[in-house]
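Structure first, then comments.
These numbers were taken from a predicted model, which means no experiment stands behind them.
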Amino acid sequence: MATEATAHGGYLDILRAPHAARLLAGTLVGRLPNGVGPIALTLFVRDQGGSYTLAGGLIAAYGVATAVGQPLLGRAVDLKGQPRVQLPAAVLSALGMVLLALTGIGNLPLAYAAVVVAGLFTPPLEGGLRALWPSVLGREDRVHRAYAMDAVAQEVMFTVGPLLLTLLVSLWSPAAALLVINALGVLGALAVVLSEPSRTWRSAPREAHWLGALRSPGLLALLGSFFFVGLALGSITVAAVSYADDRGTPSVYGWLMAALGLGALVGGVTYGARQWSGAPERRLRVLVLLLAVCYLPLVLTPGPVAMTGLAALSGVFLAPVLACAFIVVDRHAPAGTVTEAFSWLVTTFGVGSALGSAVAGPAVELAGTVAGFAVAGAGGLVALLVLLATGRVLHVPTSPAIPAVAAEQDARHAVGAGGPTAVHTEKNTH
């Protein structure tokens, strides 16, 4: 069930909370280098006279390195705190891209090493922000609404980021754009880690375990599902290019991607404007079902106007699915692993998206554009099947556990009192 949120409980209420606007803006700016990384690398390589194959190889290396680095850095944040990890990681990541911009692609081993460093040290700002929301916003309903706002803000970043990159390239060059974007990324991370919530945040005490957050069966089930959600989304980007080529109008691709982003924006705003009751795990299954259903009509591949409408429809439930998944992560992450758990979600989604692009390419070549969009529909359905098959482990949150809201608030208060040792670590299982 859902009830309309009051004006007091809306997005403006969240942004008026001390530090909230700064943390959100700093995180979005800090994530710009990663958000536009594939596009920036493609433009840079082509400007240097390199092939699309080389660009794809560098992008793949960057993506794999990011996927490896995010959970490792997330765990480091949980253990060491945000400033000691996020800022050094942001600087090292930026230096990797600076090295590439200054040395070019003449020395391929060096170019690959540079992008691997940039990807491996991409700071886990996304997971870090979600870990901070409880200590900044307090009430659980406000935290849940912040997750929805976060999902909406991502869509804005993925729209504005490429436009900013294009502007920088037109004003200067792809190399200069790389330098500016990564400098902005460091400044964004700096704005976050110098804030009082980031400086004082401490993860709840954790049980020492080499699996970390992955020892939660519920989290593993969620990651399995979101791998296929990412696969579906990644396949759409490739299939949309094929659709535009079929129509002989390259600009159609931009319209389709913009429509998908607009749909996600509308869906996220609508979802976040309501207060939802009931178990989020059950709600997530419904949302993933709706997401999968909205992917299926893409195989019809009608004319550009109708296809743009279908693209918008396919994006409507994406942001709500992400926002609800953040809540489920909160409920299933073992105590003291919240940043790592969120980082695993980001990594799994990203790996799935990369594989979706890889699978959709051959599908399009063998059976046409319809096959590429069929991959998206299949990915959405498999994501739903994973949630249904793992319903038992998802039904019961990790135990013993406390809601992340209470855990991080307690940790923050304990730090203010002289250290984190006084934090009570039991979680409830409601």
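For the pairing with Leu387, the side-chain contact (heavy atoms from CB on, under 4.5 Å) check across Val286, Leu394, Val382 returns one residue only, Leu394. The only member of Leu92, Leu72, Val116 that meets side-chain contact (heavy atoms from CB on, under 4.5 Å) when paired with Phe121 is Leu92.
Side-chain contact between Tyr295 and Phe373 is absent, with no heavy atoms from C-beta onward closer than 4.5 Å. Side chains of Leu214 and Leu223 form a contact here, defined as non-hydrogen atoms less than 4.5 Å apart. Taking 4.5 Å as the limit, every side-chain heavy atom of Trp255 sits out of range of all side-chain heavy atoms of Pro304. In this structure, Trp201 and Val77 have side chains that are in contact, with non-hydrogen atoms separated by less than 4.5 Å. Side-chain contact between His332 and Val328 is present, with heavy atoms from C-beta onward closer than 4.5 Å. Taking 4.5 Å as the limit, some side-chain heavy atom of Leu260 sits within range of a side-chain heavy atom of Ser314. At a threshold of 4.5 Å between non-hydrogen side-chain atoms, the residues Val288 and Phe317 do not count as touching. Leu381 has its side chain within reach of Leu296: a pair of non-hydrogen atoms, C-beta onward, lies under 4.5 Å apart.
Applying the ring-ring contact (aromatic ring centres under 6.0 Å, His included) test to Tyr62 and every residue at least two apart in sequence or in another chain returns nothing. For Ser198, the side-chain hydrogen bond (donor to acceptor under 3.5 Å, both in side chains) partners are Gln82, not counting sequence neighbours. A search for salt bridge (Lys or Arg N to Asp or Glu O under 4.0 Å) contacts involving Arg31 returns Glu126, not counting sequence neighbours. Among residues two or more places apart in sequence or in another chain, the ring-ring contact (aromatic ring centres under 6.0 Å, His included) test is passed with Tyr271 by Trp276. Qualifying side-chain hydrogen bond (donor to acceptor under 3.5 Å, both in side chains) partners for Asn182, counting only residues two or more places apart in sequence or in other chains: none. Partners of Ser343 according to the side-chain contact (heavy atoms from CB on, under 4.5 Å) rule, which considers only residues two or more places apart in sequence or in another chain, are Gln70, Pro124, Thr339.
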- Decide side-chain contact (heavy atoms from CB on, under 4.5 Å) for Asp150 and Leu322; before the verdict, give the C-alpha distance in whole Å, the side-chain angles of both, and the deciding distance to 0.1 Å. CA-CA 9 Å; Asp150 192 1; Leu322 291 172; over 6 Å; no
- Item | Phe349/Leu233 under side-chain contact (heavy atoms from CB on, under 4.5 Å): CA gap, chis, key distance, verdict | CA-CA 9 Å; Phe349 190 85; Leu233 189 61; 3.7 Å; yes
- Task: Would you sort out whether Met149 and Leu24 count as a side-chain contact (heavy atoms from CB on, under 4.5 Å), showing the intermediate values?
- Result: CA-CA 9 Å; Met149 182 180 69; Leu24 179 63; 3.9 Å; yes
- Message: What verdict does the side-chain contact (heavy atoms from CB on, under 4.5 Å) test give for Leu164 and Leu32, after you've listed the backbone C-alpha separation in whole Å, the side-chain angles of each residue and the deciding distance to 0.1 Å?
- Response: CA-CA 10 Å; Leu164 175 61; Leu32 265 179; 4.0 Å; yes
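Atom CG of residue Leu129 and atom CD of residue Gln86 lie 10.0 Å apart, to the nearest 0.5 angstrom. In this structure, OG on Ser235 lies 10.0 Å from CG on Leu355, to the nearest 0.5 angstrom. Of the inter-residue distances, the one linking Leu110 atom CG with Leu100 atom CG reads 8.5 Å to the nearest 0.5 angstrom. To the nearest 0.5 Å, the span separating CZ on Arg46 from CG on Leu41 amounts to 14.0 Å.
Across Ser195 and Leu23, no two heavy atoms sit closer than the pair OG-CD2, 3.3 Å.
Remark: Arg84 CZ is loosely packed, at most 12 non-hydrogen atoms of other residues, nucleotides or ligands lying under 6.0 Å away.
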